[in-house]
Structures are given as C-alpha cells and as structure tokens.
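Just so it is clear, the structure is predicted and the values come from calculations on it, not from any experiment. In this chain, residues are counted from 1 in sequence order.
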Amino acid sequence: MTELEARRAETLVPARGATTVWARYRDVLIALIAFAVLASLPLFTGSKALLDFVIRCSAYGLFATSLNLLVGYTGLTSFGHGMFFGLGAYSFGLIMQKLGVPIPIAFVATLAITGVVAAIIGAICVRLKEIYFAFVTLAFQMLIHSTILSWASFTGGDQGLRGGIPRPVFLGVDLSNHVHLYVASCALLILGLLAMRQIAQSPFGYTLRMIRDNAGRASFLGIDVWRAKLTVFVLAALFASMGGMVMALFVSGAYPEFAYWTISGEGIFINMLGGVSTFLGPMVGTVLLLLLNDTVTRFTEYHGIVLGIVILFFALGLRKGLLDFVAEWFAHRREAGEGR
C-alpha cells in the first residue's frame, strides 16, 4: 500500500465507523420519535375516533407486517395467517377471564401458547411448496375457526367471549382508561415494528431473502431451509398474536371473525395496497384499507365492490403497492440525477 492510500484509509475508517454506529441506532431513534409523536397525540386532540383509529391501525399493522415476514421476505404466501390473530385474541381473553392473572403474565402466556401452536402447524406446512403451503395454512385456520364455533361452552361459540375482559391495573397502567389503552397499543406497535425491522435487517433476514430467491441454492450453500422457514413462521405468528391481543383489549372481547379466513384475506390485501418490498409497506396498506373501509361504508353498502376495484387498480395498474411505487420512483429520480 502506498503512503497516499494509507492516508486515505486512515480518513475512511472513522467515517465508516460513524456510519455503522448511526445505522445501528437509527431505527431505535426513529422508533422513539414515532412513539413520542403518537403518545403525545391525545394532548393535541380530544377526538376519540382518531385514537380508536390508531389503536385499530396498531392491531392490523402488527398483523400485516408479520405476514410480510412470510410473503415479502421469505416467499411464503399464507392464506391462514389470520388464525394466529384470532388465537392471540382468544387466548388472551380466556386467560384473563378464567384465571384473572396480571396482564403482563397473560401477555407472555398468550405468546407461549401461540408459539407452541405455530411450531406444530409450521412443522407441517413449511415442508410444502407454494400453493400447497397456502392452502394447508388456510385449512388449519378453518379448523381453528370451526373449533371456536363448536366449543361454545369454552369460547362462547358464534357469540364470542362475552362479559368483557378484566383489566387489572399493573405498574400504574390502567387499560380500562382509553388514553392508557391508546398509549399501550402504540408502544406495542412500535416495539413490534422495531423487533421485526431488526429481524429483517439481520443476517437471518438476508438468509430469508436468499431462500425466497432460490431455496435450492440456499440449501446447497449449507443453509437449513426447513429450520429457517419454521423459525420465521413462528416469529410471524407471535407478532400476529400481539395484534390479536391489542384488538381483544380494544373491543373487550374476542369473536369468531378474528379467526375467519377473511382476516387472512385482509392481510393479503393490505400488503398488496402498501407493498411487500419496503418494510413499512404493510403499515401504509393498513392505514389505506381502514380509511377506505371507514369512508366507503358511509356512502354505500357495496363497499366490497369498491375495495375490489381499488385492489384491481393496484394489482393491474401499478403492479405493486403504493410505497413500493413511491420508493421505485425516488430511486429512478436519484439515478437520473447521478447520471447528469
């Protein structure tokens, strides 16, 4: 190495180190800022409808983003991911009703139950490919939904869990207070998104991308494809379960619709609307879908037709989600600017 190259290397090392440190803590800083903005929202508005909308976005956003870990990062299209949303809602509600334990213990117990069920189902499903994986996950979801309907003495059947969900105060947090519930929902959303972001940007996340692009090559390179798929399947189930718990607290109950196949369909629609190539695409899709639902239902009872037209526009017109389209447009602009 010449003396000039050595000097250049000395000047580059601190810059690269600073870049690495910034990249490491950037997501945490963004998460803290986002939580501060959301948590301060009740100070500037007294609109209960707006706070309710954010709580719903938290529940569905966790669910949709967890689905994107399978669809966008691993190439596993699940038609039954909603079963974990429903499982989280029902498990949490039943634990609180039957056992009356503190909410954090019920939260952890629900995640443990979801993890065990997801490991059993995933061990079967991830061995399958493409369309078989999609429909077997749908079959398991319909099995869980049928169990909820038929076991009426335990789950309440088609009436759902009645009597509300007890909300004992813990660490000064009273989830029966609407503002406390709102802040807790925002905290779970930000923590869940931050955790999924770290998974997506970790070496494991790039392993998932390799499996998505060419599972055969990944296996040839020594990667245990089945174990990696099972791991992300269980992780996605846990985050979907978190969304179900948020929804159960919001409606103070759990209903069979939470585990019906339409929930999985909404998750797919959300990812189509927002995009699967960008991490925040599902969150954008969540906001879009809930806004469309709330707006369209005010003017027509045929909201399904309107939503279908919107989905067709994104699928056939843009051929990608909204955030994917925006990101690609900015990338083209940047490349054009550098070309000049």
Side-chain angles (χ1 to χ4, degrees), residues 52 55-56 58-60 62-64 66-67 78-125 135-170 173-176 181 184-185 188 192 230 233-267:
D52 287 347
I55 295 174
R56 291 162 58 210
S58 299
Y60 283 105
L62 284 168
F63 168 64
S66 70
L67 178 59
S78 174
F79 288 168
H81 195 59
M83 63 181 147
F84 301 117
F85 185 87
L87 184 63
Y90 268 93
S91 298
F92 181 78
L94 287 168
I95 289 172
M96 293 303 299
Q97 283 189 352
K98 305 295 184 182
L99 302 180
V101 298
I103 288 178
I105 295 178
F107 185 88
V108 173
T110 299
L111 292 180
I113 293 171
T114 303
V116 171
V117 174
I120 295 171
I121 295 175
I124 299 171
C125 294
F135 280 105
V136 171
T137 55
L138 176 60
F140 274 110
Q141 174 164 3
M142 297 309 296
L143 175 63
I144 290 178
H145 180 259
S146 298
T147 303
I148 291 172
L149 290 178
S150 59
W151 200 356
S153 61
F154 188 61
T155 64
D158 58 358
Q159 298 299 313
L161 291 181
R162 289 167 291 183
I165 295 179
R167 306 178 188 188
V169 178
F170 68 97
V173 179
D174 181 10
L175 294 183
S176 60
L181 175 60
S185 300
L188 287 175
L230 179 59
F233 188 88
V234 174
L235 289 173
L238 294 178
F239 290 113
S241 179
M242 286 176 59
M245 285 186 274
V246 172
M247 183 57 70
L249 285 168
F250 176 61
V251 301
S252 193
Y255 301 96
E257 291 79 9
F258 291 173
Y260 198 44
W261 68 267
T262 52
I263 288 291
S264 297
E266 287 183 5

Apply side chain to side chain contact (heavy atoms under 4.5 Å, CB included) to Thr137 and His81, showing your working.
CA-CA 7 Å; Thr137 55; His81 195 59; over 6 Å; no

Between [X] (side chain only) and [Y] (backbone N and O only), is there a donor and an acceptor less than 3.5 Å apart?
X: Ser66; Y: Ala237; value: no
X: Gln141; Y: Ala259; value: yes
X: Arg167; Y: Leu249; value: yes
X: Gln97; Y: Arg162; value: yes
X: Ser252; Y: Gly164; value: no

Non-hydrogen side-chain atoms of [X] and [Y] separated by less than 4.5 Å:
X: Arg56; Y: Phe250; value: yes
X: Leu99; Y: Ile105; value: no
X: Pro104; Y: Val108; value: no
X: Phe79; Y: Trp261; value: no
X: Met83; Y: Ile121; value: yes

To the nearest 0.5 Å, tell me how far [X] [atom1] sits from [Y] [atom2].
X: Leu181; Y: Ile55; atom1: CG; atom2: CD1; value: 4.5 Å
X: Glu266; Y: Leu67; atom1: CD; atom2: CG; value: 12.0 Å
X: Leu238; Y: Thr110; atom1: CG; atom2: OG1; value: 11.0 Å
X: Tyr255; Y: Thr155; atom1: OH; atom2: OG1; value: 13.0 Å

Between Thr114 and Ser241, a side-chain donor and acceptor under 3.5 Å
yes

Sequence neighbours excluded - ring pair (Phe, Tyr, Trp, His ring centres under 6.0 Å) pairs with any residue from residues 88-123:
none

Given Phe63, which partner from the list Phe258, Phe84, Phe85 fulfils the ring-ring contact (aromatic ring centres under 6.0 Å, His included) test?
Phe85

Least distance between heavy atoms, [X] atom then [Y] atom:
X: Met242; Y: Gly192; result: CE-CA, 4.4 Å
X: Tyr60; Y: Ile263; result: OH-CD1, 4.1 Å
X: Ala184; Y: Leu175; result: CB-CD2, 3.7 Å
X: Ser185; Y: Val246; result: OG-CG1, 3.7 Å
X: Ala106; Y: Ile95; result: CB-CG2, 3.7 Å
X: Leu230; Y: Gly122; result: CD1-C, 3.5 Å

How far apart are the C-alpha atoms of Met245 and Leu188, what are their side-chain angles, what is the distance that settles it, and do they pass the side chain to side chain contact (heavy atoms under 4.5 Å, CB included) test?
CA-CA 10 Å; Met245 285 186 274; Leu188 287 175; over 6 Å; no

Anything under 30° is parallel, anything over 60° is perpendicular, the rest tilted; go ahead and classify His145 against Tyr260.
tilted

Full working for side chain to side chain contact (heavy atoms under 4.5 Å, CB included) between Phe140 and Val136
CA-CA 6 Å; Phe140 274 110; Val136 171; 3.7 Å; yes

